[in-house]
Amino acid sequence: MPRHVAVIMDGNGRWAARRGLPRIEGHRRGVDALRRAVRAAIELGIGYLTVYSFSVENWSRPKEEVQGLMGLLHRFIHNDLAELNANNVRVRVIGARAGLSGDVLALLRQAEEITRSNTGLTLVVAFNYGARQEIVSAARALAEAVAAGELSPAEVDADAIAARLYTSDIPDPDLIIRTSGEQRLSNFLLWQSAYAEFVFLPIHWPEFDKAALEAAIAEFAHRDRRFGGLESGMCNAKTAS
């Protein structure tokens with residue numbers, strides 16, 4: 001069982017288009033799929049579930065669609081936060097906070113604060129998130145620390161960078177799932193996914209359910225995660241020789 005599963009929730013618009021529905025209806029059904037995913041993760045004992053809910057690039061979508069997505073965020077937190085809290089889910093939000101409206105910031109803080117002490121599933125919501133921007137922010141923080149004499153250039157290593165990412169207190173994902181058949185990361189967890197396993201599902205996100213999550217985990221379970229080393233059988237053979 002992977003400790004941390006990350007999901008690129010892709011295909012809401014295409015799901016709606018194939019049914020002659022407006023894109024916002026696809027996003028509404030996507031929220032339903034998110035609820036199913038969270039409940040399934042709890043039932044399966046997954047420790048961390050990260051969902052790519054809104055990227056920095058999504059602001060370039062039509063104004064009406066962005067407004068609709070913000071409305072869905074409001075409704076999700078107002079309608080689902082009590083259930084998440086009752087199920088011992090801790091909510092963490094990663095992404096840039098600068099430039100967000102006051103009401104959105106208040107919602108994100110409310111979700112984090114109310115669930116801060118929970119010890120079950122950690123639901124990590126990547127909102128206004130971009131991995132390149134995250135790495136740039138970390139690099140800038142390191143440069144400032146070096147300029148201030150708090151850190152020497154020799155001390156800038158992978159651990160120093162990781163400590164300045166949004167996910168500094170979150171383990172790297174073991175499994176990254178993307179729906180809709182697309183096979184790319186789309187600026188999602190570029191640093192953290194260095195040794196993640198990828199599963200690309202042909203279904204659109206509104207169709208995602210516990211069975212789809214279980215299928216992805218079953219495929220993950222058959223992978224040989226070597227982290228740059230040799231296969232276990234090869235290691236044993238070498239030791240025996």
Side-chain angles (χ1 to χ4, degrees), residues 2-10 46-61 66 69-70 73 90-113 115-116 121-179 182-200 220 223 225-229:
R3 183 185 182 194
H4 182 178
V5 176
V7 185
I8 301 174
M9 306 181 293
D10 193 20
I46 293 169
Y48 296 81
L49 177 67
T50 297
V51 294
Y52 202 6
S53 67
F54 194 87
S55 73
V56 292
E57 291 85 7
N58 287 156
W59 293 110
S60 63
R61 293 189 176 188
V66 171
L69 289 168
M70 293 302 108
L73 172 67
R90 181 189 177 201
V91 177
R92 281 273 282 106
V93 182
I94 60 172
R97 303 287 177 104
L100 293 179
S101 64
D103 60 330
V104 170
L105 279 173
L107 281 172
L108 301 181
R109 289 169 183 156
Q110 178 188 16
E112 289 186 311
E113 186 58 35
T115 63
R116 185 177 302 278
L121 171 71
T122 296
L123 175 61
V124 184
V125 180
F127 183 83
N128 196 29
Y129 176 84
R132 287 181 173 179
Q133 292 82 349
E134 177 186 27
I135 294 170
V136 167
S137 177
R140 185 178 296 118
L142 282 169
E144 291 172 351
V146 170
E150 301 167 359
L151 201 67
S152 72
E155 293 175 301
V156 177
D157 57 12
D159 289 338
I161 294 172
R164 289 162 176 80
L165 297 175
Y166 300 138
T167 56
S168 59
D169 61 337
I170 300 169
D172 289 344
D174 303 294
L175 169 63
I176 295 179
I177 301 169
R178 180 166 186 155
T179 55
E182 303 291 348
Q183 298 185 18
R184 57 179 179 271
L185 274 175
S186 297
N187 203 19
F188 181 57
L189 299 180
L190 298 180
W191 178 277
Q192 299 87 340
S193 64
Y195 287 101
E197 296 293 329
F198 296 85
V199 173
F200 301 104
F220 167 85
R223 305 280 179 87
R225 304 186 75 204
R226 298 186 298 276
F227 300 96

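Predicted model, so just to flag it, every value in this text is computed and none were measured.
Paired with Phe127 under the rule side-chain contact (heavy atoms from CB on, under 4.5 Å), one option of Leu107, Leu100, Ile94 passes, and it is Leu100.
Here Arg140 pairs with nothing under the salt bridge (Lys or Arg N to Asp or Glu O under 4.0 Å) rule; sequence neighbours left out. Looking at residues two or more places apart in sequence or on another chain, you find a salt bridge (Lys or Arg N to Asp or Glu O under 4.0 Å) between Arg92 and Glu112, Asp169.
Annotation for Leu185 and Ser193: closest pair CD1-OG, 3.6 Å, computed over non-hydrogen atoms. Heavy atoms only, all atoms of each residue included: Arg132 and Leu190 are closest at CG-CD1, 3.9 Å. The minimum heavy-atom distance linking Glu134 with Thr167 is given by the pair OE2-N, 3.8 Å. The two atoms that bring Leu189 and Ala6 nearest to each other are CD1-CB, 3.9 Å, heavy atoms only. Ala196 and Pro173 make their closest contact through CB-O, 3.5 Å (heavy atoms, listed as atom of the first residue, atom of the second, distance). Residue Glu57 comes nearest to Ser60 through the heavy atom pair O-OG, 2.7 Å, listed as atom of the first residue, atom of the second, then distance.
Two residues are said to be in side-chain contact when any heavy atoms from C-beta on lie closer than 4.5 Å; Arg178 and Ser186 meet this criterion. The shortest distance between side-chain heavy atoms of Asp103 and Met70 does not fall below 4.5 Å. Residues Asn58 and Val66 fail the side-chain proximity criterion, which asks for heavy atoms closer than 4.5 Å. Between Phe200 and Glu182 the shortest side-chain heavy-atom distance does not fall below 4.5 Å. When side chains are defined from C-beta on, Arg164 does not count as touching Ser137, because their heavy atoms never get closer than 4.5 Å. A heavy-atom distance below 4.5 Å is not found between the side chains of Leu73 and Phe54.
Judged by distance alone, with hydrogens and angles left aside, the side-chain atoms of Ser53 form a donor-acceptor pair with the main-chain N or O of Ala126 at under 3.5 Å. Although no hydrogens or angles enter the test, the distance criterion places a donor-acceptor pair under 3.5 Å between the side chain of Asn128 and the main chain of Ala96.
Atoms CZ and OG, on Arg61 and Ser55 in that order, are 7.0 Å from each other to the nearest 0.5 Å. Here the OH atom belonging to Tyr48 is positioned 11.0 Å from the CG atom belonging to Asp174, to the nearest 0.5 angstrom. The CG atom of Leu175 sits 9.5 Å away from atom NE2 of His4, with the distance rounded to the nearest 0.5 Å. In this structure, the separation between CD1 on Ile8 and CD on Gln183 is 11.5 Å, given to the nearest 0.5 Å.
Counting only N and O atoms by type, the side chains of Trp191 and Asp172 include no donor and acceptor under 3.5 Å apart.
Between Tyr52 and Phe188, the ring-plane angle classifies as parallel under the 30° and 60° cut-offs.
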(Q) Using side-chain contact (heavy atoms from CB on, under 4.5 Å), reason through Thr122 and Ile170 one step at a time and then give a plain yes or no. (A) CA-CA 9 Å; Thr122 296; Ile170 300 169; 5.6 Å; no
Q.
If you apply the rule side-chain contact (heavy atoms from CB on, under 4.5 Å), what do you find for Ile176 with Gln192, and how did you get there?
A. CA-CA 11 Å; Ile176 295 179; Gln192 299 87 340; over 6 Å; no
